[in-house]
Amino acid sequence: MTKKRKNNGSADEDRHVKSVKVVEQSSPSPPRLGFENPLLPLANTYDDDDEEEEYGGRGDSGAKVGQNGRTGEDDDEDKDEDEDDLANGYGQGQRSRLVEVRRDCPYLDTVNRQVLDFDFEKFCSVSLSNLNVYACLVCGKYYQGRGQKSHAYTHSLEAGHHVYINLRTEKVYCLPDGYEINDPSLDDIRHVLNPRFTKEQVDQLDKNKLWSRALDGSDYLPGMVGLNNIKETDFVNVTIQSLMRVTPLRNFFLIPENYQHCKSPLVHRFGELTRKIWHARNFKGQVSPHEFLQAVMKASKKRFRIGVQSNPVEFMSWLLNTLHSDLRNTKKNTSIIYECFQGELEVVKEIPKNTICGNDQNTEKGSDGGDDHDNITTETSRMPFLMLGLDLPPPPLFKDVMEKNIIPQVPLFNILKKFDGETVTEVVRPHVARMRYRVTRLPKYMILHMRRFTKNNFFVEKNPTLVNFPVKNLELKDYIPLPTPKENEKLRSKYDLIANIVHDGKPEGGFYRVFVQRKSEELWYEMQDLHVSETLPQMVALSETYMQIYEQQQ
C-alpha cells in the first residue's frame, strides 16, 4: 500500500510516475514500433501533441475555446477521449499518451484521395467543434476525437472507415484499433493539407513554365489557379489574385517561419491560401478561400462577409492595413506590406481662415481670386500612402447623332497630373480647402485606383470613361516631378503592369475580373473566379479598369 499524499495533485503525480515506468519497461528500440511520449524525443516530422490548440484557438484568458463557447478544460469530448484512451491502455493522462506506431496497415487501400478537400473550416461535422478534429480519409468528412466515445470512433464502427488524419498534427491513425500509421505513401495527403516550400523552391517559382496535373485530371498552372466564388466574393478573389503577383509579398507568406511569431488568424489564413495557390501537387485545379473568408469576416467585424458584394478597393485598403498592423515591427513600424507598397506624398493644403458653414461660396471666391492672401492658411505635410486614387473626368451628358452614348477616353498620364504638385484639387470635407499633391517617394509596387463610383442621395453612379495606359514601361518622371535620388542611388521611375482589376456591368449588379501576368513566360491571363484563360496584352487595356498594381523596374 502506498501512502496517500496530502497535496491535491497526488493522484496526477502517481499516474505520471506509472506512465514513466511503462516507458522504461518497454523495449528501447523495438523493430518498426515506437511509442509517443513527450518525455522521449522521437525523430518524427509530425510529432506534436494532439490536444494542443490551433493558433488563434485561445481566448483572451489563454483557455481553449470551442465552437459553443466552452473552454477546452471543460470540453466533454476531450474528457471522453482521454477517459476512453485510458480504458484502452493507450496512455496515462492527456500529455503522456502511449500510441503504437505501425508501418503497415491493411486499410491503406481504402483511402480515397478524390473526396479529400482541406479548403473548408476544420470543424467536426457532428459536434461543430474545432478542437482535435480528424478527417476520414475514406469519405472526407471531419470528426472530433478518436477515443471510444468520440465521433470519429463511432464513424469507424458504423461506416467501416478506418483511416483518419489529425488536421493539425498531420498524424494518421487507424480506428478503432487506435495505432498510428507511419507510411510514406500518405505524404502527398500531408502536403495538400499543409503545403510546404523550401527557400530554393520559392526562388525558382518565377522560372517554372511547367503545368501541373491535379488528381482529378485537370491541368493547372501553379499560382494561376481559379478561386471559388463562395457567394458574392468576387471582390475578394480579384484582390487575392492581384496580390499573388507581388513577388516579395508572395515569397514572405510561402515560408511560415517568417510570421510564426504572429498570433493573428488572418495572417496565418492568408499564408495558407498563398501556399495552396502556388502548390504544384494539388488534388484539384482550384482553391476555395473559405477559411480565409471566415478570418476576414471575424477580423473586419463583418464589414466584409460572404453573400454581400463589396468593393475591392476598400477591401484591398483594409487588408493591407490590417496585415501591416498584425505583422509590424513595433520599433521600426515596418512590415513586408510597407516594404512593398508604401510611398510618400507632400500635401499642400490651403484653407480659408474665415470658412464658416453656409458661407463657403464667398470664401472660395476670395481665395480663387488671390486678392486676399491674408485670409488663407497654408499647411504643408508629408503623408505616407499605400495606394493612389485617381479622378476620372465626368462623362458627357448628351448622346451623339447616332443616339448612342459617347464613351470618353482619357490617358493615364492626364489623371496622374493630380500628383504633380501644381494641379489643384478642391475638397469640401471636412471643410472647404484646396489641395496640391506631390510624390516624394515612390514605392516598389504602386497601386492605382480609378474613382469610378459616386454616391448621391438616390443611387450609385458609375463613370464609364476608359483609361488608356501602357502595359510596360510606364515612365513617371515625364509627368510627375520626382525627388532627386541620393548619390549612390538610381532614380527608378519606370513601372510595368502586373495586375489590372476590371468592373463590368451596372454599379449595383456588376462583377469583377482581373488580368494578371505570369512572369515565367510574360503571358497575360484573364481570371474570373474559377475561369482562367490566356489573353493578349492588347486586351488588358480595352476594359473599364478599376484598380491596378505596377511593379518598379530594377
Side-chain angles (χ1 to χ4, degrees), residues 303 310-318 320-321 341-398 408 410-443 446-465 467 476 479-483 503 507-508 544-548:
R303 178 183 171 188
S310 192
N311 190 313
V313 171
E314 293 178 9
F315 179 68
M316 175 79 83
S317 177
W318 173 85
L320 294 182
N321 281 291
F341 300 108
Q342 191 183 48
E344 190 180 67
L345 286 176
E346 180 187 77
V347 182
V348 179
K349 193 174 186 179
E350 296 178 352
I351 311 170
K353 285 183 179 179
N354 56 344
T355 298
I356 303 173
C357 186
N359 195 28
D360 291 344
Q361 291 183 350
N362 297 334
T363 308
E364 277 191 277
K365 195 179 250 185
S367 61
D368 284 342
D371 300 325
D372 196 1
H373 293 290
D374 295 334
N375 288 335
I376 296 176
T377 302
T378 302
E379 298 176 1
T380 303
S381 60
R382 294 288 180 94
M383 184 176 70
F385 69 87
L386 293 179
M387 63 172 67
L388 295 176
L390 303 177
D391 302 313
L392 296 175
L397 299 175
F398 306 102
V410 60
L412 177 63
F413 308 111
N414 285 13
I415 54 179
L416 275 173
K417 288 180 181 178
K418 175 182 178 180
F419 300 99
D420 62 5
E422 297 177 3
T423 302
V424 174
T425 304
E426 304 267 353
V427 298
V428 295
R429 293 178 181 176
H431 44 71
V432 173
R434 294 160 60 90
M435 312 285 284
R436 295 200 304 273
Y437 306 97
R438 185 172 69 90
V439 178
T440 53
R441 190 177 79 243
L442 289 171
M446 185 168 59
I447 305 176
L448 304 177
H449 77 90
M450 290 58 181
R451 303 184 192 274
R452 286 203 177 272
F453 302 106
T454 52
K455 293 181 181 179
N456 56 32
N457 294 331
F458 304 102
F459 54 87
V460 179
E461 190 176 5
K462 179 182 176 182
N463 189 329
T465 302
V467 179
L476 292 180
Y479 304 93
I480 300 176
L482 299 173
H503 181 269
E508 66 279 355
E544 297 178 8
T545 179
Y546 187 44
M547 184 164 58
Q548 300 175 322

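What you see below is based on every heavy atom in this structure, not just the backbone, and it leaves out hydrogens, waters and symmetry mates.
Applying the side-chain contact (heavy atoms from CB on, under 4.5 Å) test to E350 and every residue at least two apart in sequence or in another chain returns I376, T378, R434, R436.
Between E314 atom CD and R303 atom CZ the span is 5.5 Å, to the nearest 0.5 Å. One distance of note links CE of M446 with CG of L476; it measures 4.5 Å at 0.5 Å rounding. For the atom pair CZ (F419) and CD (E346), the distance works out to 13.5 Å, reported to the nearest 0.5 Å. One distance of note links OH of Y479 with CG of N414; it measures 9.0 Å at 0.5 Å rounding. Rounding to the nearest 0.5 Å places OH of Y437 at 8.5 Å from NZ of K349. M547 CE to R452 CZ: the interatomic distance, rounded to the nearest 0.5 Å, is 13.0 Å.
Residues K462 and H503 form a side-chain contact, since some pair of their non-hydrogen atoms from C-beta on lies under 4.5 Å apart. Residues V432 and V427 fail the side-chain proximity criterion, which asks for heavy atoms closer than 4.5 Å.
Side-chain atoms of R438 never come within 3.5 Å of backbone atoms of I480 as a donor-acceptor pair (strictly under, hydrogens ignored).
Between T423 and D420, the shortest heavy-atom distance links the atoms N-OD1, 2.9 Å. Closest heavy-atom contact between P443 and G343: CB-N, 4.0 Å. Annotation for S310 and P312: closest pair O-CD, 3.9 Å, computed over non-hydrogen atoms.
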### Message
Using the rule given for side-chain contact (heavy atoms from CB on, under 4.5 Å), can you reason through Q548 versus M450, listing the C-alpha separation, both sets of side-chain angles and the distance that settles it, and then say yes or no?
### Response
CA-CA 9 Å; Q548 300 175 322; M450 290 58 181; 3.7 Å; yes

Distance-only check: which donor-acceptor pairs under 3.5 Å involve side-chain atoms of residues 379-393, not counting sequence neighbours?
{"unit_1": "R382", "atom_1": "NH1", "unit_2": "E344", "atom_2": "OE1", "d": "3.2"}
{"unit_1": "D391", "atom_1": "OD1", "unit_2": "R451", "atom_2": "NE", "d": "3.0"}
{"unit_1": "D391", "atom_1": "OD2", "unit_2": "K418", "atom_2": "NZ", "d": "3.2"}

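Ring-plane geometry between F453 and Y546 is classed as perpendicular, the angle between the planes exceeding 60 degrees on a 0 to 90 degree scale with a lower cut at 30.
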